[in-house]
Amino acid sequence: MSEYETVLVDHSDSILTITLNRPERLNALTDTVAREIVALLKQAARADEIRCLVITGAGKGFCAGQDLEAFQSRSEGDSIRKHLEKTYHPMVTRIRALEKPVIAAVNGACAGAGLGLALACDIRYASDKARFLTAFIGIGLAPDSGTTYWLPRLIGPARAAELFFTNDRVDAAAAERMGLVNRVVPADELQAVTRELARRLAQAPTKAIGLGKRALNRSLDVSFEEALDYEAHLQEVAARTQDFVEGVTAFTEKRPPNFVGK
Ligand code: T3D
């Protein structure tokens, strides 16, 4: 029996694929789902043989946010703040801190904290059946799970405000137009097309990708001069990797590089 109750896990071709597996609830998040995702992110951070992650959903949904039945069964007086700090914050911060590429393959409805999960990923590919909604206002909550951080940065503050305040659904084509997703593909091709990208990224110089991710994370909140300074600092690190030596050698020998992620 798998050690995970709520997610399916596949590790092959240096890619770790996490499939949220509560299809009857559109993969809504419970504490167990969040805990299992965090455990896998910790494992991915430690394992050199994992060089790319894919997060997707089983069935017709990607993730419908907090499981509202589980929410209702919480004890009165339980602090939402504590719950967020214990469950969703570790999930999204670990995705951002993981120095490996993380792709969301958004196969269907993506709402609330599920949107937060997708937005924390580096790249989003979506099925043409995917739709996005902030959801929070629909149940009288303010936005959380990092959505107020990512959404305005990706689609602009006015559009973000509109989506938060109206809870309008955004179909896949509109999501692509506004920059919410990188690419939309027919539903039956989503996993294969995502896998193709994941394979490419898993064969890329993982350390350089990780350093690039670190710089991108930091670039969101610093001046141009600070960004330049940080890039120069990280480049010193990248230039000491085995993959840098291999990249330059392969170029001069006129052959494809064989990057090992070190
Ligand atoms: O401390 C904290 O936890 C606070 C943090 C909160 C973070 C949040 O995420 S708040 C936002 C929570 N999410 C929502 O409010 C979304 C609720 N769901 C929907 O609005 C709709 O389901 C969708 C628009 C996402 C999809 O609609 P549709 O028509 O495709 O599917 P459906 O028929 O509504 O759902 C299918 C089933 O999934 C259905 O169950 P049933 O009737 O077949 O037995 C539905 O109840 C279930 N489901 C969908 N979303 C959730 C859910 N069950 C539990 N929790 C859900 N979030």
Side-chain angles (χ1 to χ4, degrees), residues 5-8 18-38 41 55-96 104-121 124 126-152 154-155 160-175 178 180-181 184 186-188 190:
E5 271 176 52
T6 61
V7 297
L8 302 172
I18 305 173
T19 305
L20 310 193
N21 191 30
R22 303 184 70 236
E24 69 295 345
R25 290 276 166 264
L26 301 182
N27 303 314
L29 296 164
T30 58
D31 291 7
T32 308
V33 182
R35 195 170 51 243
E36 293 187 344
I37 294 174
V38 168
L41 289 166
I55 300 179
T56 191
K60 72 184 180 87
F62 172 73
C63 176
Q66 165 64 35
D67 186 306
L68 295 176
E69 283 184 20
F71 189 86
Q72 273 189 315
S73 64
R74 281 188 216 157
S75 314
E76 212 173 297
D78 276 0
S79 157
I80 286 201
R81 181 192 179 92
K82 283 208 177 105
H83 184 254
L84 290 171
E85 287 171 353
K86 198 178 74 181
T87 52
Y88 302 142
H89 293 190
M91 188 173 76
V92 293
T93 53
R94 277 190 181 274
I95 292 174
R96 292 313 315 148
V106 183
N107 52 302
C110 178
L115 179 63
L117 174 64
L119 294 180
C121 296
R124 282 158 291 285
S127 132
D128 56 4
K129 297 217 168 79
R131 63 224 137 90
F132 300 81
L133 60 155
T134 54
F136 303 99
I137 212 78
I139 54 166
L141 282 184
D144 63 30
S145 308
T147 52
T148 62
Y149 186 85
W150 292 115
L151 212 49
L154 282 168
I155 67 173
E162 190 179 11
L163 295 187
F164 282 127
F165 301 166
T166 65
N167 193 22
D168 281 350
R169 296 177 190 201
V170 175
D171 66 23
M178 59 176 76
L180 189 52
V181 300
V184 176
D188 59 356
L190 177 67

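Position 1 is the first residue of the sequence, and the numbers go up from there. As a basis for the values below, the full set of heavy atoms in this structure was taken, side chains included, without hydrogen atoms, waters or symmetry mates. Both ligands and their constituent atoms are indexed starting at 1 by order of listing.
In the vicinity of A28, heavy-atom distances shorter than 4.0 Å reach the ligand 1 atoms 55 (N), 56 (C), 57 (N). Within the listing of ligand 1, atoms 30 (O) sit less than 4.0 angstrom from a heavy atom of R131. Close approach to G112 involves these atoms of ligand 1, each under 4.0 Å from a residue heavy atom: 9 (O). Residue E24 has at least one heavy-atom neighbour below 4.0 Å for each of these atoms of ligand 1: 37 (C), 38 (O). Of all atoms in ligand 1, numbered sequentially from 1 with element shown, those under 4.0 Å from a heavy atom of G65 are 9 (O). Below 4.0 Å from some heavy atom of A113 lie the following atoms of ligand 1, by number and element: 7 (C), 8 (C), 9 (O). Interface of K60 with ligand 1, defined as ligand atoms under 4.0 Å from a residue heavy atom, comprises 30 (O).
Using the six-membered ring where Trp is involved, H83 and Y88 have ring planes that are perpendicular, over 60° apart on the 30 and 60° scheme.
Distance screen at 4.0 Å: atom 38 (O) of ligand 1 has a protein heavy-atom neighbour inside the cut-off. Closer than 4.0 Å to atom 10 (S) of ligand 1 lies at least one heavy atom of the protein. Using a 4.0 Å threshold on non-hydrogen atoms, atom 1 (O) of ligand 1 counts as touching the protein. Checking atom 26 (C) of ligand 1 against the protein gives a heavy-atom contact under 4.0 Å. Inside a 4.0 Å radius of atom 15 (O) of ligand 1 there is at least one protein heavy atom.
For atom 40 (O) of ligand 1, the nearest non-hydrogen atom of the protein is R25 NH1, 3.2 Å. Scanning all protein heavy atoms for the shortest distance to atom 57 (N) of ligand 1 gives Q66 O, 2.9 Å. At the top of the distance list for atom 18 (N) of ligand 1, counting protein heavy atoms only, stands A64 CB, 4.6 Å. Considering only non-hydrogen protein atoms, atom 6 (C) of ligand 1 sits nearest to D144 OD2, 3.5 Å. Residue, atom and distance of the protein heavy atom nearest to atom 17 (C) of ligand 1 are L68 CD1, 4.1 Å. For atom 21 (C) of ligand 1, the closest non-hydrogen atom of the protein is L26 CD1, 4.7 Å. Among all non-hydrogen protein atoms, the one lying nearest atom 3 (O) of ligand 1 is R74 NH2, 2.7 Å. The closest protein non-hydrogen atom to atom 24 (C) of ligand 1 is R169 NH2, 3.5 Å.
For residues 65-74, every residue pair satisfying the salt bridge (Lys or Arg N to Asp or Glu O under 4.0 Å) rule, not counting sequence neighbours, is listed here: R22-D67, R25-E69.
Within the 3.5 Å criterion, the main-chain N or O of A118 finds a donor-acceptor partner in the side chain of R124. Although no hydrogens or angles enter the test, the distance criterion places no donor-acceptor pair under 3.5 Å between the side chain of S127 and the main chain of L190. Judged by distance alone, with hydrogens and angles left aside, the side-chain atoms of N167 form a donor-acceptor pair with the main-chain N or O of A135 at under 3.5 Å. Using a distance-only test at 3.5 Å, with no hydrogens or angles considered, a donor-acceptor pair links the side chain of N27 to the main chain of A58. The main-chain N or O of G57 is never found under 3.5 Å from a side-chain atom of N21 such that the two would form a donor-acceptor pair.
Under 4.0 Å from ligand 1, not a single heavy atom of K82 appears. Contacts of I139 with ligand 1, taken as heavy-atom pairs under 4.0 Å, involve the side chain alone. In H83, the part holding a heavy atom less than 4.0 Å from any atom of ligand 1 is the side chain.
The closest side-chain donor-acceptor pair between T32 and E5, if any, does not fall under 3.5 angstrom.
The shortest distance between side-chain heavy atoms of N107 and K129 does not fall below 4.5 Å. A 4.5 Å side-chain heavy-atom check between L20 and V7 finds at least one atom pair inside the cut-off. With a 4.5 Å cut-off on side-chain heavy atoms, I80 and F71 count as touching.
H89 is linked by a ring pair (Phe, Tyr, Trp, His ring centres under 6.0 Å) to nothing, counting only residues two or more places apart in sequence or in another chain.
F164 contributes atom CZ, which lies 10.0 Å from atom CD1 of I137 (distance to the nearest 0.5 angstrom). Atoms CG and OG1, from L29 and T6 in turn, are 9.0 Å apart once rounded to the nearest 0.5 Å.
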